[in-house]
Amino acid sequence: MFVAFKKGEDEVEKKRNTNIIVILVAAAMIVVAAGVIGVSIWMENRHGSSPQGGGKTASSTAVTDPGDREKDGAVVDYTEDGSLTLSGYMGIEVDPEPADGDVLEAMEPDMVKMTDKHKGKIQAGDIVCIDQEGSVQGEVYEGLTEEDLVLRVGDHEYGEELEKKLVGRQPGDTLTVSEVMGDEYEELSGETVDYKITVKGRFDDYYANEFSGGKYPTVEKYIAHVKEELQKENESPSVAGESAWDTVVSESKVSRYPDSLLKEEIKNTKSQYKNFAELQGITYEEALSSFGQDEESLEGIAEDMVKERMIAKTIAAKENLVLDDARYKDYLMQTMMDNEEGEDNSKSGKSLEELEKEYRNDYGSRPKDDMLILLVQSFIGDKVKLINA
């Protein structure tokens, strides 16, 4: 797979190490997306922080029958048999201040509305929207052609050469930038790619005033407002819990994975890659290679997923957390709606059984376990210590 223009080696590596869960979502939508370890791509939900809810329980906090321990949704304390060494999860420090990249991403829905009807010369530091068309030996290469790319000139997210050439240009201008592809680009390695760049718009006070309805009439005030809203969001239990969750996962250690769970997840991971390959019209081996994976690395991906579930089950057991049907349905619906953003869906009208079946078909075989992670994240988010807030 190929990234838009040259984002730098770090970004390429990030895309190639994307978790299989993200790949599955991409396959379902026929879009390749980058994400983070485990079910982090699903943690965009903005639900309340209470760990309890009404209705019939979808998972039990008391598992006494050994035969029930590995059922989807079973809550098990894996520290009791020494399988898991759990890190501290109460009072984790979280900085809610949004990163610059997050601020820019939050602004994208407005930035793509800019047009070349409003002019103004681009300067370093400006936010612009561009289209790019990549060609190899005169033939347009679809994997290197994208619309509505939003960038801040000077960040070098899309390559220093491109961004230098944007300075002094205006919306409506076109320019050409060429680059020789590195080894990380698989079959394009060594090829010269010619990019035709079209400047669609430049963000300035005119657009700040227009997009905010006059509330934030300058670029500085508009960006400050976006940062403020993002910080409030980051302070919520669900989002703060996501940040704290990364710490809990990285600092916890698994000494022994449940054999059947690991085998199931390895099988599931392979199946996801095969489904992706079929959707893309490539071989299974090509699908693995395109993400820098091979058969051996799949076990590590599966282990990461099982580890997250073990941690969530253990915390739920220790804190007596219950994933009731109402919250379970809410999490399922929001998860799939977030992943299918822009799709015409009617999740709200579906029953819990229908949502669960759809999740199993499109996302994974253990929906209760996966939604339990969200429940535990929210619980942890209630207990975080916010710094610089």
Side-chain angles (χ1 to χ4, degrees), residues 17 19-21 36-40 42-43 51-52 57-94 237 240-270 272 293 295-324 327-328 331 364-385:
N17 289 321
N19 186 274
I20 185 62
I21 297 299
V36 292
I37 293 176
V39 294
S40 299
W42 302 329
M43 310 315 180
Q52 303 291 339
T57 59
S59 64
S60 171
T61 56
V63 180
T64 57
D65 185 349
D68 289 338
R69 287 173 59 89
E70 295 182 2
K71 286 185 177 180
D72 182 28
V75 176
V76 181
D77 186 345
Y78 285 102
T79 64
E80 290 182 345
D81 65 1
S83 299
L84 174 72
T85 300
L86 183 64
S87 75
Y89 54 86
M90 304 289 264
I92 294 175
E93 290 189 346
V94 171
E242 177 186 345
S243 298
W245 178 254
D246 291 341
T247 300
V248 175
V249 172
S250 65
E251 294 184 358
S252 297
K253 306 297 179 185
V254 175
S255 59
R256 183 174 63 258
Y257 293 92
D259 188 57
S260 63
L261 293 188
L262 184 56
K263 287 181 178 178
E264 176 189 340
E265 192 57 29
I266 292 173
K267 180 180 179 180
N268 188 53
T269 301
K270 289 181 179 180
Q272 290 164 1
Q293 305 292 348
E295 284 281 349
E296 291 185 6
S297 64
L298 295 189
E299 184 170 345
I301 294 173
E303 286 179 348
D304 288 342
M305 189 70 252
V306 174
K307 178 182 180 180
E308 292 201 48
R309 291 170 179 159
M310 290 174 69
I311 293 171
K313 288 170 177 286
T314 298
I315 294 175
K318 288 181 178 297
E319 301 296 337
N320 197 36
L321 305 182
V322 178
L323 181 64
D324 61 70
R327 187 170 288 268
Y328 178 42
Y331 280 153
S365 61
R366 304 187 73 86
K368 292 178 183 176
D369 281 355
D370 294 340
M371 298 307 106
L372 189 63
I373 293 176
L374 297 182
L375 179 71
V376 171
Q377 278 195 324
S378 186
F379 172 79
I380 293 174
D382 259 337
K383 317 297 181 184
V384 300
K385 179 181 178 181

R327/M371 under side chain to side chain contact (heavy atoms under 4.5 Å, CB included): CA gap, chis, key distance, verdict: CA-CA 9 Å; R327 187 170 288 268; M371 298 307 106; over 6 Å; no

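- Side chains of Y89 and E319: a donor on one and an acceptor on the other come within 3.5 Å.
- Interatomic distance, CD of E242 versus CG of L374, reported as 9.5 Å (0.5 Å rounding).
- A heavy-atom distance below 4.5 Å is not found between the side chains of S87 and T247.
- Across all non-hydrogen atoms, the minimal contact from A316 to L372 is CB-CD1, 4.2 Å.
- The two residues G364 and P367 have their closest heavy-atom pair at O-CD, 4.0 Å.
- Heavy-atom minimum distance, T314 versus L86: CG2-CD2, 4.0 Å.
- A distance of 10.0 Å separates CZ in R366 from CG in N268, rounded to the nearest 0.5 Å.
- In this structure, the side-chain hydrogen bond (donor to acceptor under 3.5 Å, both in side chains) partners of S297, at least two apart in sequence or on a different chain, are Q293, D294.
- Listed for the S252 side chain is no donor-acceptor partner under 3.5 Å among the backbone atoms of L84.
- Evaluation of the side-chain hydrogen bond (donor to acceptor under 3.5 Å, both in side chains) rule for K267 yields no partner, not counting sequence neighbours.
- Rounded to the nearest 0.5 Å, atoms CD1 (I315) and CH2 (W245) are 5.5 Å apart.
- Rounded to the nearest 0.5 Å, atoms NZ (K368) and CG (L375) are 14.0 Å apart.
- Of all the heavy atoms in V75 and A317, the pair that sits closest is CG1-N, 3.1 Å.
- Atoms NZ and CG, on K307 and L262 in that order, are 13.5 Å from each other to the nearest 0.5 Å.
- No donor-acceptor distance shorter than 3.5 angstrom exists from the side chain of D369 to the backbone of D72, with no hydrogens or angles considered.
- Each of T79, D77, V254 was evaluated against M310; a single residue qualifies, V254, per the side chain to side chain contact (heavy atoms under 4.5 Å, CB included) test.
- Of all the heavy atoms in V384 and A244, the pair that sits closest is CG1-CB, 3.8 Å.
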D370 vs M305, side chain to side chain contact (heavy atoms under 4.5 Å, CB included): CA-CA, chis, key distance, verdict: CA-CA 9 Å; D370 294 340; M305 189 70 252; 4.0 Å; yes

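- Rounding to the nearest 0.5 Å places CZ of R309 at 4.5 Å from CD of E265.
- Screening residues 80-92 for salt bridge (Lys or Arg N to Asp or Glu O under 4.0 Å), with sequence neighbours left out, gives R69-D81, D81-R256.
- Residue F379 comes nearest to M90 through the heavy atom pair CE2-SD, 4.0 Å, listed as atom of the first residue, atom of the second, then distance.
- Between the K313 side chain and the Y78 main chain, no donor and acceptor come within less than 3.5 Å of each other.
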